[in-house]
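See below for the structure under consideration.
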Number of protein chains: 2
Amino acid sequence: MTIREVAKIAGVSTATVSRAVNRSGPVSPEAREAIDRAIQQCGFRPNIIGRQLKTARTRTLGVLVPSLKNPIFADAVAGLEEAAGREGYNVLLAASGYRAEKELSVVEAFLGSRVEGLVLTVADDDRSRALHALDSARVPYVLMFNPADREDVSTVSIDNRRAAYDLVCSLVRDGHRRIAMIAGSLSESDRSAQRYAGYRQAIVDHGLPLEDIVEVKFENPNLSACLAGLVHRRDAPTAYFCSTDMLAIAVIRALAVLGARVPDMVSVAGFDGIAIGEHLSPSLSTVVQPAEAMGDWAAHHLLARLSGEASITRKIFPYRIRPGESVGPASGHRA
Amino acid sequence: MTIREVAKIAGVSTATVSRAVNRSGPVSPEAREAIDRAIQQCGFRPNIIGRQLKTARTRTLGVLVPSLKNPIFADAVAGLEEAAGREGYNVLLAASGYRAEKELSVVEAFLGSRVEGLVLTVADDDRSRALHALDSARVPYVLMFNPADREDVSTVSIDNRRAAYDLVCSLVRDGHRRIAMIAGSLSESDRSAQRYAGYRQAIVDHGLPLEDIVEVKFENPNLSACLAGLVHRRDAPTAYFCSTDMLAIAVIRALAVLGARVPDMVSVAGFDGIAIGEHLSPSLSTVVQPAEAMGDWAAHHLLARLSGEASITRKIFPYRIRPGESVGPASGHRA
DNA sequence: TTGAAAGCGCTAACAA
DNA sequence: TTGTTAGCGCTTTCAA
């Protein structure tokens, strides 16, 4: 069922069919009707591939996130997809599983598919080979959630450093003086690094002891073992600042295994502000990132850049500290 | 940067370049080296669109779910994307927002893009115009989560009816005799309908009074108002069976607004088994669907069908009743 | 082992 | 208002 068949049946040329289908030029009422009938008759559906090849436009965006299983990314993709769809763009989606080589292979595939632009969250924007590939291919992209370090790339994020700083300060205000940070592979995530910087500054500013950061691999969720040494120390931390909400949830569970109840014995704070965190037991103290709005902004901005209506922008969304039951006063601690 | 440029630089024909790039035919070592050098030199990246047009294969799957903001779908898509990616397939993703007309327009767009197959969750498979479009286009698809009614289409789901039956029976075992069901637009979702059938049968089998089902629109999250009449009745239900976990979460919150504490005063059960439900306060009593595994199965099965290695299959995954704190004994009820 | 050539389905000058 | 025509970038006979 090609445009040629339709043209033959309708007794016109392919050019006229194309004009009729795309409303891209004058078509007489008679021709239009004949064409409509022919299309009904043979169930013609334009092959987008042919159009894409001819016009060198795909109306497709590539979206790459670490994982859909973390609601922060799922929500962002939801906002993105909605906005892109509204503008008639397709979304090619992939997850990297936090693996740099997968980031690269996905980006290569997206480039091969001639996506017009990309929205991505990478592990570390400085060292990302995926980003280098994009730069040399000169395909526009928007970094989402990654901190806005570089001047030459559009980003949408919050001020991770300051947000972490504020959150840790709130822990101090609750009386906590020994506060540890737990991060998922700090060395591999620029977000964790920023959040660590904020944590560190808050600790230093208050003259508190700087705890060693606890790095946990994403693949190894045997948290209890990692935390055992820390928790059973004589001067164990009274509060744990986790680099993400999902990690905080795992930490709370791991602490329970070790006999440390939250928030009675220790406090735990997260970061991301996933919606469901409010309904957790205990509800999560965290920093809220407006994920869906950020995804929406990313899509709109990328499309605006594609049409030349916008230039590189580093958008910082406001964040919000959301207090929750997972943080209590430090008085009840064990040491 | 086309294959022609590369051919010219390497001093060979485009056919040889194509063979070299795709390893699809004999290429002498000398030619191969010249081609490799040429590709490096001009940064050539094969245009997939050209290949797709020529070969009439896109290696792309379309995925349509109601919403990514519900973890049950996000998890399923995660499993799907992972499996598809492993087999070298791209995933085109869209969300319908539970709207039938959006389902249709997305499917039309996917067909235009010549996806080789689709995985979708539709509101109601019987009445879905989207499915009719797929049937007449003769593009293979897998229904995910939708109950397996029809014989002529691959589906992956659990036994919704029996799962709901089991769950409601467990409520009865806890002493509940007035059990209401709350569903999101029953008339628009075949899953809700199945779950209602299971609920109804459990009620009837135990000789209990059949309560009117409460239907709430997805768009109208003003649940408290909807529930007020029911909750304040003299013989108010002591337990609410919600058609999804997300709805259960909203219901628990709405009940709190009305002064009905869960599970002290009323019990609430959900359906879906989103992972985070275990960590809610109270933790959710629910039916667990193995969403990620179902997505994985859907992708593998669809690809197997594309390669002729599988035929239409109706896969029923096992479910699991996961007890939680949201359901308590009926003794504490108000009426 | 290689290259010439045809053509996938479509759009867009351009001429009529 | 319409049709002819020339490709878009690629793969793939087929003959050499």
Side-chain angles (χ1 to χ4, degrees), chain A residues 1-36 38-39 42-60 88 90 108-116 137 139, chain B residues 1-36 38-39 42-60 88 90 108-116 137 139:
Chain A
M1 301 307 126
T2 78
I3 207 173
R4 252 225 273 303
E5 315 266 352
V6 176
K8 191 178 303 176
I9 297 174
V12 297
S13 72
T14 62
T16 303
V17 176
S18 176
R19 280 189 291 260
V21 168
N22 300 308
R23 288 147 175 67
S24 58
V27 176
S28 67
E30 306 81 54
R32 170 150 283 141
E33 190 177 336
I35 291 168
D36 285 347
I39 289 178
C42 68
F44 168 73
R45 195 187 318 270
N47 185 333
I48 299 298
I49 311 288
R51 186 194 337 239
Q52 288 178 341
L53 184 57
K54 173 65 188 180
T55 61
R57 295 207 50 197
T58 56
R59 295 189 80 80
T60 299
N90 291 323
E108 296 279 5
F110 282 174
L111 288 174
S113 295
R114 297 300 189 263
V115 297
E116 296 185 16
V139 171
Chain B
M1 299 308 126
T2 77
I3 208 173
R4 259 230 264 307
E5 316 265 353
V6 176
K8 192 178 303 179
I9 298 176
V12 296
S13 73
T14 60
T16 304
V17 176
S18 175
R19 280 189 290 259
V21 168
N22 300 308
R23 288 149 176 66
S24 58
V27 177
S28 68
E30 306 81 56
R32 171 150 281 143
E33 190 178 336
I35 290 168
D36 285 348
I39 289 177
C42 67
F44 168 73
R45 195 186 319 268
N47 185 334
I48 298 299
I49 311 289
R51 177 184 318 184
Q52 289 178 341
L53 184 57
K54 175 64 191 180
T55 62
R57 295 207 47 195
T58 56
R59 295 189 79 81
T60 299
N90 291 323
E108 296 280 5
F110 282 173
L111 288 175
S113 295
R114 297 300 189 262
V115 298
E116 296 185 15
V139 171

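Below, read A as the first sequence line, B as the second, and so on, with proteins coming before strands; counting in each chain starts at 1.
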Terminal axis angle for the helix from C:dT1-D:dA16 to C:dA16-D:dT1, five pairs an end, nearest 10 degrees: 30°
Mind checking what makes salt bridge (charged side-chain N to carboxylate O under 4.0 Å, His left out) contact with B:Arg45, not counting sequence neighbours? A:Glu108
Tell me which donor-acceptor pairs under 3.5 Å the side chains of residues 21-35 of chain A have, and how far apart each pair is, sequence neighbours excluded?
from    : atom 1 : to      : atom 2 : distance (Å)
A:Asn22 : OD1    : A:Arg51 : NH1    : 2.6
A:Asn22 : ND2    : A:Ser18 : O      : 3.0
A:Asn22 : ND2    : A:Ser18 : OG     : 3.3
A:Arg23 : NH1    : A:Ala20 : O      : 3.4
A:Ser28 : OG     : A:Ala31 : N      : 3.2
A:Glu33 : OE2    : A:Arg37 : NH1    : 3.4

What residues, two or more places apart in sequence or in another chain, satisfy salt bridge (charged side-chain N to carboxylate O under 4.0 Å, His left out) together with A:Arg57? A:Glu116
State, yes or no, whether a side-chain contact exists between A:Gln52 and A:Thr60 at a heavy-atom distance under 4.5 Å. yes
Closest heavy-atom pair, A:Val115 versus A:Thr58, reported as atoms and distance to 0.1 Å, is CA-OG1, 4.0 Å
Measure across B:Ser113 and A:Asn90 and return the closest heavy-atom pair with its distance rounded to 0.1 Å. OG-ND2, 3.5 Å
Atom-pair distance (CD1 on A:Ile35; C1' on D:dT2), nearest Å: 10 Å
For residues 6-17 of chain B, which side-chain donor-acceptor pairs fall under 3.5 Å, sequence neighbours excluded?
from    : atom 1 : to      : atom 2 : distance (Å)
B:Ser13 : OG     : B:Ala15 : N      : 3.4
B:Ser13 : OG     : B:Thr16 : N      : 3.3
B:Ser13 : OG     : B:Thr16 : OG1    : 3.3
B:Thr16 : OG1    : B:Arg19 : NH2    : 3.4

By side chain to side chain contact (heavy atoms under 4.5 Å, CB included) - contacts of A:Thr2 (at least two apart): A:Arg4, A:Glu5
The contact string for nucleotides 7-16 of chain D, one letter per nucleotide 5' to 3', using protein heavy atoms under 4.0 Å with B, S and - for base, sugar-phosphate only and none, comes out as BBBBBB----
Using the heavy-atom set of chain A and a strict 4.0 Å cut-off, write down the first and last nucleotide of DNA chain C that makes it in, 5' to 3'. C:dC8 to C:dA12
